[in-house]
*Asks:* 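Quick one: structure below, then a few questions.
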Amino acid sequence: QVHLVESGGGLVQAGGSLRLSCAVSGSIFSVGTMGWYRQAPGKQRELVATLTRGGTTSDADSVKGRFTVSRDNANNTVYLQMNSLKPEDTAVYYCYAIIRPRPAALELSYWGQGTQVTVSS
């Protein structure tokens, strides 16, 4: 089995910062793209930022210049540094990873359980 365990969410005032972490564990042969999505109440889940193993990023326009995604390939961990947070950033943030569990297996998408980020005005 594969597990994605997130940490670092919470309540912060507008203008503040939070850092999310997500560690992948379990039956893993290789980890490809990792990143973060979020879902606000009444809205669809949306991309926040992703990062390939080779270092190519994809960021939502709404977070450019404020959020930074990074990863530790040796420890299969992805981070999201969130600065200058706004009330509209309030959402449940989900970790995402594309994982090949065994050498001959297909790559599959895996999701974390989600962590709440609340930004007060």
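Bear in mind the structure is a predicted one, so any value in this text is a computation, not a measurement.
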*Asks:* Under the 6.0 Å and 45° cation-pi test, does R19 pair with Y79?
*Replies:* yes

*Asks:* Determine whether the aromatic ring centres of residues Y93 and W36 are separated by less than 6.0 angstrom.
*Replies:* no

*Asks:* Answer yes if V92 and L47 sit in the same cluster of Ile, Leu, Val, Met, Phe, Trp and Tyr residues linked by side chain heavy atoms under 4.5 Å apart, and no otherwise.
*Replies:* yes

*Asks:* Which distance, rounded to the nearest 0.5 Å, do you find between the CZ of F67 and the OG of S17?
*Replies:* 9.5 Å

*Asks:* Write down the atom of P101, the atom of I99, and the distance for their closest heavy-atom approach.
*Replies:* CD-O, 3.4 Å

*Asks:* Please determine whether the number of non-hydrogen atoms from other residues, nucleotides or ligands lying under 6.0 Å from atom NZ of K43 exceeds 12.
*Replies:* no

*Asks:* What are the two closest non-hydrogen atoms of S62 and R38, and how far apart are they?
*Replies:* OG-NH2, 3.4 Å

*Asks:* M34 and V24: which non-hydrogen atoms are nearest, and at how many Å?
*Replies:* CE-CG2, 3.6 Å

*Asks:* Would you compute the distance between atom OG of S21 and atom CZ of R71 and round it to the nearest 0.5 angstrom?
*Replies:* 14.0 Å

*Asks:* What side-chain donor-acceptor pairs closer than 3.5 Å can you find for residues 113-121, not counting sequence neighbours?
*Replies:*
unit_1, atom_1, unit_2, atom_2, d
T115, OG1, G9, N, 3.4
Q116, NE2, A91, O, 3.4
Q116, NE2, T118, OG1, 3.2

*Asks:* When rounded to the nearest 0.5 angstrom, what distance separates CD1 in I98 from CG in L106?
*Replies:* 12.5 Å

*Asks:* Are Y96 and V63 connected into the same hydrophobic cluster when the rule is that any two of I, L, V, M, F, W, Y join if their side-chain heavy atoms are below 4.5 Å apart?
*Replies:* no

*Asks:* Is there a side-chain contact between R45 and W111 (heavy atoms, below 4.5 Å)?
*Replies:* yes

*Asks:* Can you name the closest pair of heavy atoms from L80 and A49 and give their distance?
*Replies:* CD1-CB, 4.4 Å

*Asks:* If Ile, Leu, Val, Met, Phe, Trp and Tyr residues are connected whenever their side-chain heavy atoms lie under 4.5 Å apart, and connections chain through other members, are V31 and L51 in the same group?
*Replies:* yes

*Asks:* For a quick test of reading the model, state the closest non-hydrogen atom pair linking R102 to S27 and the distance between them.
*Replies:* CG-OG, 4.5 Å

*Asks:* Does either side chain, that of D72 or that of T77, offer a donor lying less than 3.5 Å from an acceptor on the other one?
*Replies:* no

*Asks:* Do T68 and M82 touch side chain to side chain, with heavy atoms closer than 4.5 Å?
*Replies:* no

*Asks:* Does I28 reach the side chain of N76, with side-chain heavy atoms less than 4.5 Å apart?
*Replies:* yes

*Asks:* Less than 4.5 Å apart, any side-chain heavy atom of L85 and any of L18?
*Replies:* yes

*Asks:* Taking all atoms of both residues into account, what is the closest heavy-atom pair of S70 and V78, and its distance?
*Replies:* O-CG2, 3.3 Å

*Asks:* Is the distance between the ring centroids of Y94 and Y37 under 6.0 Å?
*Replies:* no

